[in-house]
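Below: the structure, in structure tokens.
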Amino acid sequence: MATKNAESFSRLHVKEIALESEQAVNGELIKLQYSPPSPTIENHGVSNGVALKVPGWYVDIEDDWPGEAHLYKVEKVLFRGKSKYQDLFVFQSSGHGKVVVLNGDVQLTEKDEFAYQEMLTHLPLCSIPNPKKVLLIGGGDGGILREISRHASVEHIDICEIDTMVIDTVLPEIAVGYQDPRVNLHIGMFLKSAPQGDYDTVILDAFQCMGSEAEQLAGGSLLELVARALQPGGVMASQAQCLWHKEFSVADAIASCRRTFKGSVSYAWSPVPAYIGGMVGFMLCSTEGPAVDFKHPINPLNPKHYGVARGPPKFYNSEVHTAAFCLPSFAYEV
């Protein structure tokens, strides 16, 4: 299994990659020329069996949200490539800055990526005292690493990513997280060989969400591997489904996670306009051991310590942390 320090990977601006498209990524780089005034950009999804094509716009359609779509006006195509694992598409939009799309699903936009990255990172790390060792699964864009760097107590950060294309085409503004000397990058399925009981925190940023798939995930090996890698009282944070999704139940998601995690289990949420539904959920879980109260942070961020980030958090603070666990009345219905 290849293991390299993240600093050994060259940082390429997506615009430069688009211009230097004669050099393939994993042998399968595909360059799209932006041809004004109205290129046709289509997503990988369909609506009622019909692919939507809107000249000059990217149409974001998700199978889990029938009858809905988000449209982004495309100013310029920056990169399009395909690895053995997935398709990657990056473009400059008129309203959201750069937009990153994996396998047809919008992953992040410059306009609001910080809301997701900050909450997924600081909800777990601010809930336990003095975290020292963190494992990040996925998160190849570097945004979660950027946020972990704000925690001075952390001594070691492992990141496990399967696709070097994502790492090599990340946005420089977000990839600043790789500059943290505490980061160690592992290519491949590192979780399977991760030391048992070694981490204070594991952050999952590697699959769509824990919602309709929550039971499948809880019954499979992924969460069991995560729990095994955590110390007693260690915490896991993962993306979860949006409250507005018609098939999502907070109670069911919590019950599913409790099959594996015998400590605390909570659901939180944050507004992220780029995602269909306008928000994203988070599952916070701890292993059996010292009690964890996710709703009340005990390890607040030092406002003067930025780590490798270029400024203070734009979204997260201790008040937002606590408020993230407040749910609307309908969310309590089973």
Side-chain angles (χ1 to χ4, degrees), residues 108 112-139 141 143-154 157 159 177 199-207 209-211 214 217 223 226-227 229-231 233-243 248 250 253-254 257-258 260-261 263-272 275 279-287 289-303 305 307 309 312-328 331:
L108 63 85
D112 56 17
E113 56 84 16
F114 56 86
Y116 170 77
Q117 314 265 33
E118 291 178 14
M119 293 294 278
L120 184 57
T121 304
H122 303 311
L123 287 176
L125 288 177
C126 291
S127 295
I128 57 175
N130 202 35
K132 294 184 179 297
K133 194 166 185 179
V134 180
L135 172 61
L136 170 60
I137 302 172
D141 57 76
I144 300 293
L145 294 176
R146 176 194 68 202
E147 296 306 314
I148 296 174
S149 79
R150 299 182 189 276
H151 292 264
S153 68
V154 173
I157 306 166
I159 173 174
Y199 295 95
D200 301 287
T201 302
V202 176
I203 299 175
L204 291 181
D205 190 25
F207 51 87
C209 356
M210 293 178 62
L217 288 167
L223 296 188
V226 169
L230 286 169
Q231 299 176 1
V235 298
M236 180 204 77
S238 172
Q239 180 183 355
Q241 188 55 272
C242 169
L243 286 172
F248 177 66
V250 173
I254 289 176
C257 288
R258 280 183 173 155
T260 302
F261 293 93
S264 302
V265 178
S266 296
Y267 175 89
W269 64 279
S270 173
V272 183
Y275 296 152
M279 61 166 289
V280 64
F282 306 100
M283 293 305 304
L284 285 302
C285 307
S286 69
T287 56
V292 178
D293 181 0
F294 288 113
K295 299 179 181 180
H296 299 96
I298 61 172
N299 180 35
L301 287 175
N302 181 346
H305 182 76
K314 298 179 180 179
F315 189 88
Y316 177 89
N317 57 50
S318 294
E319 291 77 16
V320 167
H321 181 124
T322 299
F325 294 90
C326 297
L327 302 179

| message | Minimum heavy-atom separation for Pro297 and Thr322, please, with both atom names. | response | CD-OG1, 3.7 Å

| said: When you measure from the side chain of Ser270 to the backbone of Val280, do you find a donor-acceptor pair of N or O atoms at a distance under 3.5 Å? | reply: no

| query | How long is the gap from SG on Cys285 to CZ on Arg258, to the nearest 0.5 Å? | reply | 9.0 Å

| request: Quick one: closest heavy-atom pair of Ala331 and Leu243, and the distance? | output: CB-CD2, 3.8 Å

| Quick one: does Val134's side chain get under 4.5 Å of Thr121's, heavy atoms only? | no

| said: Keeping Ser149 on the side-chain end and Arg146 on the backbone end, is there a donor-acceptor pair under 3.5 Å? | reply: yes

| message | Do Val272 and Glu113 have side chains that approach each other closer than 4.5 Å (heavy atoms only, starting at C-beta)? | response | no

| message | With heavy-atom distances below 4.5 Å as the criterion, would you say the side chains of Ile137 and Val226 are in contact? | response | yes

| Would you find a donor on one side and an acceptor on the other, under 3.5 Å apart, between the side chain of His296 and the backbone of His321? | no

| query | Is there side-chain contact between Ser127 and Val235, with at least one heavy-atom pair below 4.5 Å? | reply | no

| request: Flag the pair Tyr267 / Phe248 as yes when their ring centroid distance falls below 6.0 Å, and as no otherwise. | output: yes

| query | How close do Met119 and Ala324 get, heavy atom to heavy atom, and via which atoms? | reply | CE-CB, 3.6 Å

| query | Does some side-chain heavy atom of Ile254 sit less than 4.5 Å from a side-chain heavy atom of Met283? | reply | yes

| field | Any Phe282 side-chain heavy atom under 4.5 Å of Pro124 side chain | value | no

| Pairs involving residues 129-139, ordered by first then second residue, that meet salt bridge (charged side-chain N to carboxylate O under 4.0 Å, His left out) (sequence neighbours left out) | Lys132-Glu155, Lys133-Asp198

| Rounded to the nearest 0.5 Å, what separation is found between the NZ atom of Lys295 and the CG atom of Leu123? | 12.5 Å

| For Cys326, does its backbone N or O pair with a side-chain atom of Trp269 as donor and acceptor, under 3.5 Å? | yes

| query | Side chains of Met236 and Leu223: does their closest heavy-atom pair fall under 4.5 Å? | reply | yes

| query | Would you call the rings of His122 and Tyr316 parallel, tilted or perpendicular if under 30° counts as parallel and over 60° as perpendicular? | reply | tilted

| query | Taking only residues two or more places apart in sequence, or in another chain, which ones meet Thr287 in a side-chain contact (heavy atoms from CB on, under 4.5 Å)? | reply | Ala227, Leu230, Phe261

| field | Separation of Gln117 CD from Asp141 CG (nearest 0.5 Å) | value | 5.0 Å

| request: Check step by step if side-chain hydrogen bond (donor to acceptor under 3.5 Å, both in side chains) holds for Asp205 and Tyr116. | output: CA-CA 10 Å; Asp205 190 25; Tyr116 170 77; 2.5 Å; yes

| remark: Here the gap from Ile128 atom CD1 to Ile298 atom CD1, rounded to the nearest 0.5 Å, amounts to 8.0 Å

| note | The reported gap from OG in Ser264 to CG in Asp293 (rounded to nearest 0.5 angstrom) is 7.0 Å

| remark: Closest non-hydrogen contact found for Asn299 with Pro131 is ND2-CD, 3.4 Å

| task | Identify the heavy atoms of Val292 and Ser286 that sit nearest to each other, and give their distance. | result | CG2-CB, 3.9 Å

| query | Are any non-hydrogen side-chain atoms of Ile203 and Ile148 less than 4.5 angstrom apart? | reply | yes

| query | Between CZ of Phe315 and CD of Glu118, what distance do you get to the nearest 0.5 Å? | reply | 8.0 Å

